Amino acid sequence: MELSAILTPAPEGGYVAFNPETGTTTQGETIEEAIANLAEATELYLEEFPLAFHARPLLTTFRVAGHA
């Protein structure tokens with residue numbers, strides 16, 4: 001099963017990884033580690049709470065007035 005991962009640099013270093021289909025979140029020192037940790041956390045989540053749908057989220061951007 002192919003799912004989505006959103007990675008954000010963490011203020012303390014490393015990356016925070018988020019899966020929007022399940023809401024699982026984890027972190028890692030490198031991108032590879034963050035994704036591996038996210039895969040493990042998501043697999044554990046799906047054992048308990050299987051997905052009822054297989055639609056992938058749409059990722060886009062938007063602007064907020066007054067902010068860079």
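Here the structure is a predicted model, which is why all the values come from computation and not from measurement. Along the sequence shown, residues carry numbers from 1.
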Taking all non-hydrogen atoms of both residues into account, name the closest pair between [X] and [Y] and its distance.
X: Val16; Y: Ala10; value: CG2-CB, 4.0 Å
X: Gly28; Y: Asn37; value: CA-ND2, 4.1 Å
X: Ala17; Y: Ala34; value: CB-O, 3.7 Å

Checklist entry - Given side chains that start at C-beta, do those of Met1 and Leu51 come closer than 4.5 Å, heavy atoms only? => result yes
Item to check | Side chain to side chain, Leu46 and Asn19, heavy atoms closer than 4.5 Å | outcome: no
Pairwise distance [atom1]([X]) to [atom2]([Y]) - rounded to 0.5 angstrom:
X: Glu47; Y: Thr42; atom1: CD; atom2: OG1; value: 11.5 Å
X: Glu32; Y: Leu7; atom1: CD; atom2: CG; value: 9.5 Å
X: Thr25; Y: Tyr45; atom1: OG1; atom2: OH; value: 11.0 Å
X: Glu40; Y: Thr24; atom1: CD; atom2: OG1; value: 11.5 Å

Next on the checklist: Take a 6.0 Å sphere around CD of Gln27 and say whether it holds more than 12 heavy atoms from other residues, nucleotides or ligands.
Outcome noted: no
Checklist entry - So with a 6.0 Å cut-off around CD of Glu12, is the heavy-atom count from everything else above 12? => result yes
Item to check | Shared hydrophobic cluster, Ile31 / Phe18 (ILVMFWY, side-chain heavy atoms < 4.5 Å) | outcome: no
